[in-house]
Amino acid sequence: MSIKVKKRNFLKKKKIKEIKNELGEYGSLLQNKKNVEILEAEPNSFILVDGEPYIIIIDDKPFPTLKAALENQIDSKKVTVDMGAIRFVSNGADIMSPGIVAADDGIEKGDIVLIIDETHGKPLAIGVSLITGEEMVENDSGKAVETKHYVGDDIWNFEL
């Protein structure tokens with residue numbers, strides 16, 4: 001799958017504010033940035049911050065990219081997976097409860113979460129929580145996070 005660029009233009013302050021609100025805690029990625037553009041592409045559009053793809057729009061909802069997470073030291077809504085889950089996560093699999101060793105207490109169903117590995121604490125994927133953080137750690141079976149973007153996918157490899 002390749003990403004086809006349709007058009008690119010700067011965002012107005014009002015639209016930036018809307019996106020910041022939708023991102024919630026990740027809205028700080030757009031804080032006081034001068035060059036915020038939208039890159040309309042197929043299959044997903046991007047929000048570029050100073051030329052870097054920091055936010056991706058999936059199903060009309062903004063998600064931070066892993067590059068943004070790496071460059072900005074995001075410290076909220078983390079789900080930690082054991083080392084055995086890494087190869088599945090890096091192939092785009094959804095996160096299952098048995099592979100989760102820790103999750104932030106404040107995670108609610110529907111939150112955007114950052115999946116990190118337990119050894120290095122490096123971001124592996126970004127997804128949407130299907131259950132609360134407490135349930136993720138307690139449950140012995142079932143899906144906990146729907147993966148939206150992961151290391152090695154087209155979004156990760158995207159360059160302008």
Peer 1: Hydrophobic clustering (ILVMFWY, side-chain heavy atoms < 4.5 Å, transitive) - are I55 and V5 grouped together?
Peer 2: yes
Peer 1: With rounding to the nearest 0.5 angstrom, report the CD1 to OG distance, I58 to S45.
Peer 2: 11.0 Å
Peer 1: If you look at every heavy atom in D104 and K78, which pair is closest and at what distance?
Peer 2: OD2-N, 2.8 Å
Peer 1: Applying salt bridge (charged side-chain N to carboxylate O under 4.0 Å, His left out), can you list everything that pairs with D111, at least two apart in sequence or on another chain?
Peer 2: K77
Peer 1: Decide salt bridge (Lys or Arg N to Asp or Glu O under 4.0 Å) for R8 and E40; before the verdict, give the C-alpha distance in whole Å, the side-chain angles of both, and the deciding distance to 0.1 Å.
Peer 2: CA-CA 6 Å; R8 175 179 177 173; E40 292 181 25; over 6 Å; no
Peer 1: As an exercise, state the distance from CD of E71 to CG of D50, rounded to the nearest 0.5 Å.
Peer 2: 10.0 Å
Peer 1: Any idea which heavy atoms bring I112 and P64 closest together, and the distance?
Peer 2: CG2-CD, 3.9 Å
Peer 1: Working to the nearest 0.5 angstrom, can you tell me the gap between L66 CG and K122 NZ?
Peer 2: 12.0 Å
Peer 1: Check whether any side-chain N or O of N157 sits under 3.5 Å from a backbone N or O of G152 as a donor-acceptor pair, and report yes or no.
Peer 2: yes
Peer 1: Treating Ile, Leu, Val, Met, Phe, Trp and Tyr as nodes and any side-chain heavy-atom pair under 4.5 angstrom as an edge, say whether V81 and L114 lie in one connected cluster.
Peer 2: no
Peer 1: Going hydrophobic residue to hydrophobic residue with side-chain gaps under 4.5 angstrom, can you get from V128 over to I126?
Peer 2: yes
Peer 1: Can you tell me which residue pairs pass the ring-ring contact (aromatic ring centres under 6.0 Å, His included) test with a partner in residues 122-156, sequence neighbours excluded?
Peer 2: none
Peer 1: Find out if a path of hydrophobic residues (ILVMFWY) with successive side-chain heavy-atom gaps under 4.5 Å connects I107 to L23.
Peer 2: no
Peer 1: Would you please test L39 and I47 for side-chain contact (heavy atoms from CB on, under 4.5 Å) and show each step?
Peer 2: CA-CA 6 Å; L39 182 76; I47 305 293; over 6 Å; no
Peer 1: Using 0.5 Å steps for rounding, measure from the CD1 atom of I56 to the CZ atom of F63.
Peer 2: 9.0 Å
Peer 1: Okay, side chain of S129, backbone of E108: is any donor-acceptor separation there less than 3.5 Å?
Peer 2: yes
Peer 1: Could you walk me through whether V36 and L48 satisfy the side-chain contact (heavy atoms from CB on, under 4.5 Å) test, starting with their C-alpha distance in whole Å, then the side-chain angles of each, then the deciding distance to 0.1 Å, before giving a yes or no?
Peer 2: CA-CA 6 Å; V36 180; L48 304 176; over 6 Å; no
Peer 1: Taking the side chain as C-beta and beyond, is there a heavy-atom pair between I155 and T65 under 4.5 Å?
Peer 2: yes
Peer 1: May I have the step-by-step check of side-chain contact (heavy atoms from CB on, under 4.5 Å) for I131 and N139, ending in yes or no?
Peer 2: CA-CA 10 Å; I131 55 179; N139 290 357; 3.5 Å; yes
Peer 1: Between atom CD1 of I57 and atom CD1 of I38, what is the distance when rounded to the nearest 0.5 Å?
Peer 2: 5.5 Å
Peer 1: Decide yes or no on side-chain contact (heavy atoms from CB on, under 4.5 Å) for V145 and I115, but give the supporting numbers first.
Peer 2: CA-CA 9 Å; V145 178; I115 290 77; 3.8 Å; yes
Peer 1: List in chain and number order the residues that pass side-chain contact (heavy atoms from CB on, under 4.5 Å) with T80, two or more places apart in sequence or in another chain; answer none if no residue qualifies.
Peer 2: V101, A102, I116, E118
Peer 1: Hey, can you pull the donor-acceptor pairs under 3.5 Å for the side chains in residues 84-100, sequence neighbours left out?
Peer 2:
residue, atom, partner, partner atom, Å
S90, OG, I86, O, 3.0
S90, OG, R87, O, 3.2
N91, ND2, R87, O, 3.0
D94, OD1, T147, N, 2.9
D94, OD2, K143, NZ, 3.1

Peer 1: Quick one: ring-ring contact (aromatic ring centres under 6.0 Å, His included) pairs with a partner in residues 13-50, sequence neighbours left out?
Peer 2: F46-F158
Peer 1: Give a yes or no answer on whether the side chain of D59 reaches the backbone of K61 with a donor-acceptor pair at less than 3.5 Å.
Peer 2: no
Peer 1: Are any non-hydrogen side-chain atoms of I19 and L11 less than 4.5 angstrom apart?
Peer 2: yes
Peer 1: Could you check whether K67 pairs with E52 (Lys NZ or Arg NE/NH1/NH2 to Asp/Glu carboxylate O, under 4.0 Å)?
Peer 2: no
Peer 1: Counting only heavy atoms not in N9, do more than 12 sit closer than 6.0 Å to its CG atom?
Peer 2: yes
Peer 1: Would you mind listing every side chain to side chain donor-acceptor pair (under 3.5 Å) that reaches into residues 15-24, with sequence neighbours excluded?
Peer 2: K20-Q31
Peer 1: Look up atom CD in E134 and atom CE in M136, then write down how far apart they are to the nearest 0.5 Å.
Peer 2: 11.5 Å
Peer 1: Hey, does L70 have a side-chain heavy atom less than 4.5 Å from the side chain of P123?
Peer 2: yes
